[in-house]
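Proteins come first, then strands; the chains are lettered A, B, ... in the order of their sequence lines, and each starts at number 1. Computed from a prediction, not measured in an experiment: that's the story for all the values here.
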Protein chains: 2
Amino acid sequence: MQTPAQNAQLALLLEVAGTPKPGNVDRHRDLTDLRFEHFLAGAVGAQRGLEMAQNGAAVGPSFEQAVAEMADQGGGNTQFGALLLLVPLVRAARDDLTKPVVEGVVEGTTVADAAAFYRAFEHVDVFVSDPPTELDDLDVRRGSEAIPAIEDRGLTLFDILERGVPGDDVAREWVTGFERSFAAANQLADANGALSERTASVFLSLLGDRPDTLVAKRSGEAIAAEVTDRAAALADRNAVQTDRAAVDAFADELVEHGINPGTTADVTAAGLFIALEHDILEI
Amino acid sequence: MQTPAQNAQLALLLEVAGTPKPGNVDRHRDLTDLRFEHFLAGAVGAQRGLEMAQNGAAVGPSFEQAVAEMADQGGGNTQFGALLLLVPLVRAARDDLTKPVVEGVVEGTTVADAAAFYRAFEHVDVFVSDPPTELDDLDVRRGSEAIPAIEDRGLTLFDILERGVPGDDVAREWVTGFERSFAAANQLADANGALSERTASVFLSLLGDRPDTLVAKRSGEAIAAEVTDRAAALADRNAVQTDRAAVDAFADELVEHGINPGTTADVTAAGLFIALEHDILEI
């Protein structure tokens, strides 16, 4: 029986092993500067932060620790978004991994958690969009320099992430009781085939369900919408199992255009964790 | 900076990710009942036992703990031999990861360590040959039932493994100061290409260097010698980099004949760990 921190680490590993996951690093694909082994090292590095959450430490400091050590490899940001989902889920798993409990965890975050979240951005380059002018002093890219403004306004980490919705579907999980993550867990349990294919199927289905917010930020909403439509068409006909060549071609095309649906991978990792914790995914 | 236990876990992950590793599960190959995800779960499961060694616990109990939790997945024995190398190496890394220190660790093992080693066989099916008749009461397949005989004879874990040489090249590492593991670490550092290829090159070179003892036990010494000759020919012309098709064809053939050079993979994992600890392998 793995601990919640171990299941979270295993979820990170199973996520990157899932293939084919169009646009992302997976068991059968490296990107130019972002390779499979960076994700392996990132998952191992995240351990201490995940254990902090498991042992009852606050969400913000646990997340900051996990990110700092996840980033101690040459690929840069591998699992920032995934950890922002996994840390509160691991914290909830101390008690009971249900929507109400994880809602309690995220709604209970504090201004200190928000400060730690801002510090986490100093450990790794995370792709973010320009904030609206009135929120400029809260720009996460300011890192710890933004902390006085956070404290002045008395903003908790939940408040910060709430301001990220719409536009960030990791933040959206925080304010919807991890709706898509819990749904993904059930989908993983119900899917057919080898685990790496099931992971890929659920990834594709999530990508077809809502435009990936990292793709929208990087490549624009029109591209993100098109990627979603195409993913939905593939997911509808269960192409991971029935027409692998079509999924591989879609994957090649996304990589060629530098389209990397990272948010969808984050939610997939969260779904894997929930499925492992709920013992509905056998390995 | 990862801890020794984390580096050991990462070494297990990098080993299985190395490809093409003829005959073994790797990033691009599953066997029928032994899949990539079993190795991921095995590496995560081994964590607590590796941490015990790192924190100064004795080799035997640390190994037993690592094996018990490594085996908590559906693939069976994924990393028994690798852990038998990694646990004393992690224990040595507390002080200094050099040949004399690790020799001190293994030579300092006790009868209690031997007992824990025998108990480890109760957690997982490990392929072993019949022992000579005069050693029948020490057959590891007896598990804890063999412990009284061990205690009667006052055999330490080092004594037990010494009796496994020749015929078991994991045991051989214990009595040679982890000679091939240290050499593999330097080879990994000197090799060219992506890390998964470097791992594969070193694996092939180790396989060409000495017949794999797991292959010898399962398929006979003639087959093991032939596999070694062919691996040596491929390694000599650096085929992982210069003629991938030849390595892939060799891999297909080994899999077809159920030939699984597991001992060579164990030494590769030990080499990866040493290279990570010595900071001569960047990720």
CG (A:D125) with more than 12 external heavy atoms under 6.0 Å:
no

For chain A, find which of B:L14, B:L195, B:T19, B:L276 contributes the most heavy-atom pairs closer than 4.5 angstrom.
B:L195

What heavy-atom pair brings A:L188 and A:G271 nearest, and what distance separates the two atoms?
CD1-C, 3.6 Å

Say whether A:Q241 and A:S201, considering side chains only, have a donor N or O and an acceptor N or O under 3.5 Å apart.
no

Assign the ring pair A:F121 / A:F117 to parallel, tilted or perpendicular, where the plane angle (0 to 90°) is split at 30° and 60°.
perpendicular

What parts of residues 70-96 of chain B touch chain A if we use heavy atoms and a cut-off under 4.5 Å?
B:D72, B:Q73, B:G74

Where is the tightest heavy-atom contact between B:F273 and B:A11, given as atom of each residue plus distance?
N-CB, 3.6 Å

From A:R27, A:K21, A:R198, residue fulfilling salt bridge (charged side-chain N to carboxylate O under 4.0 Å, His left out) relative to A:E15
A:K21

Closest heavy-atom pair and its distance - B:L31, B:G23:
CD1-O, 4.0 Å

Interface check, chain B: of A:Q2, A:E69, A:H38, most non-hydrogen pairs under 4.5 Å belong to A:Q2

Contacting region of B:Q6 [heavy-atom separation from chain A under 4.5 Å]
both

Using non-hydrogen atoms and a 4.5 Å limit, figure out which bit of A:D30 sits close to chain B: side chain, backbone, both or neither.
both

Does the side chain of A:L10 reach to within under 4.5 Å of the side chain of A:I283, using non-hydrogen atoms?
yes

